[in-house]
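Each ligand, and each atom within it, is numbered from 1 in the order the structure gives. Computed from a predicted structure; not experimentally measured.
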Amino acid sequence: MTQKLIIDTDCGVDDAIALLMALADPAVEIVGITCVSGNVTLDHVVQNVPIVLDAVGAGPIPIFRGAERPILAPLYHASDVHGEDGLGDAGFPRSTRPISDEHAALAIVRLAREYPGATLVALGPLTNVALAMAIEPNLPQLLGQSVIMGGAVRALGNTSAVAEFNIYADAEAAAMVFERGLNPTMAGWELTVETPMFWPRWDAMTAQAGTVGADFVVPMLEDLVRRSRERERPGILLPDPLAMAVVLDPDCASSFTAAVAVDTGWGPGRGLTAVDVRGNSKAAHNARVVTAIDTDRLAALLERAFRMSSPR
Ligand code: RIB
Ligand code: CA
């Protein structure tokens, strides 16, 4: 019985790698990919997802267009990291795959009803997920589990001093997700920073890659890798692949449950994911926080994805 995945993404370069990891796993079936504004504009995200599917010659996986804007916050993008187009400005050919007319939020609800027990993987701002929860309050009960890349459980932000991008970009949506019982497993920014893929291993896995790794991943990440090396980073940071590793190989992760609250104020704390690590608050635990991921098992998932060959 394959695990059904609903993947919500703001398809930048790390989202693309996470998608490749899922596409390489015979034990999972992606039943839908929903697009949300985040790393880049929604238009770019909707262009990027089919390009990733084309890179591996994937079957007709439904793709859905979602929220153009956050619930309340102004638009906020990260093209400085992902390139103007979101895929490293590598110039990949546009795809001819069709995009569904159904809105992403409605698609998440329908797919959760059609595939009870499906896993929701959210790799971008939580706008579509929050809208889906407003449409179908029983969404958490329909889903098997939810895994998000998001949050900063010790307030090590990457977008503000205290906030991680996916939460900061739509703090209201994140607050809804945590307060209304999605009970996600969250792979946050500190986990990302503490789990780099060190250059020798990264270089080896891309050197031994198939055409997907060599002709898609390497050019897509060329600029990010160059900048990371120039800044003397010890390796490449892979936030969304870490979240996808939790989905594909749950035993690779260590975690604890906690009560998480999101700061939706407009001050310096906006987007903070306050985690009650000492259990002092009386609030119910509403999330599972990932504290560590086995790097060898993450590498195995990446290597499997990169060894795929393009259809052309
Ligand atoms: O903060 C990192 C997260 O924000 C990743 O999901 C990245 O793709 C961006 O969406
Ligand atoms: Ca993302």
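By the 4.0 Å N-to-carboxylate-O rule, D170 lies too far from R69 to be salt-bridged with it. Using a cut-off of 4.0 Å between Lys/Arg side-chain N and Asp/Glu carboxylate O, D296 and R201 are scored as salt-bridged. Between R229 and D203 there is a salt bridge, with a side-chain nitrogen of the basic residue lying less than 4.0 Å from a carboxylate oxygen of the acidic one.
Around the Ca ion (ligand 2), the protein N, O or S atoms found under 3.0 Å comprise D10 OD1, D15 OD1, D15 OD2, L123 O, D240 OD2.
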For ligand 1, list all ligand N or O to protein N or O distances below 3.5 Å, rounded to 0.1 Å.
unit_1   : atom_1 : unit_2 : atom_2 : d
ligand 1 : 1 (O)  : N158   : ND2    : 2.8
ligand 1 : 1 (O)  : E164   : OE2    : 2.5
ligand 1 : 4 (O)  : N166   : OD1    : 3.2
ligand 1 : 6 (O)  : L123   : O      : 2.8
ligand 1 : 6 (O)  : N166   : ND2    : 3.0
ligand 1 : 6 (O)  : D240   : OD1    : 2.6
ligand 1 : 6 (O)  : D240   : OD2    : 3.1
ligand 1 : 8 (O)  : D14    : OD1    : 2.6
ligand 1 : 8 (O)  : D14    : OD2    : 3.1
ligand 1 : 8 (O)  : D15    : OD1    : 2.9
ligand 1 : 8 (O)  : N39    : ND2    : 3.0
ligand 1 : 8 (O)  : D240   : OD2    : 3.1
ligand 1 : 10 (O) : D10    : OD1    : 3.2
ligand 1 : 10 (O) : D10    : OD2    : 2.8
ligand 1 : 10 (O) : N39    : OD1    : 3.3
ligand 1 : 10 (O) : N39    : ND2    : 3.4
ligand 1 : 10 (O) : N166   : OD1    : 2.8

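Heavy-atom neighbours of D101 CG from other residues, nucleotides or ligands within 6.0 Å: at or below the threshold of 12.
For the atom pair CG of D10 and CG of N48, the computed distance is 10.0 Å after rounding to the nearest 0.5 Å.
In this pair, Y76 and F165 present their aromatic rings tilted. The plane angle is within the 30 to 60° band.
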Result block: side-chain N/O donor-acceptor pairs under 3.5 angstrom for residues 210-225, not counting sequence neighbours:
unit_1 : atom_1 : unit_2 : atom_2 : d
T211   : OG1    : S310   : N      : 2.5
T211   : OG1    : S310   : OG     : 3.2
D223   : OD1    : R226   : NE     : 3.3
D223   : OD1    : R226   : NH2    : 2.1
D223   : OD2    : R227   : NE     : 3.3

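Under the side chain to side chain contact (heavy atoms under 4.5 Å, CB included) rule, V147 has a single partner from L242, V247, V290, L248, which is V247.
The salt bridge (charged side-chain N to carboxylate O under 4.0 Å, His left out) check on R110 picks up E102, E114, with sequence neighbours excluded.
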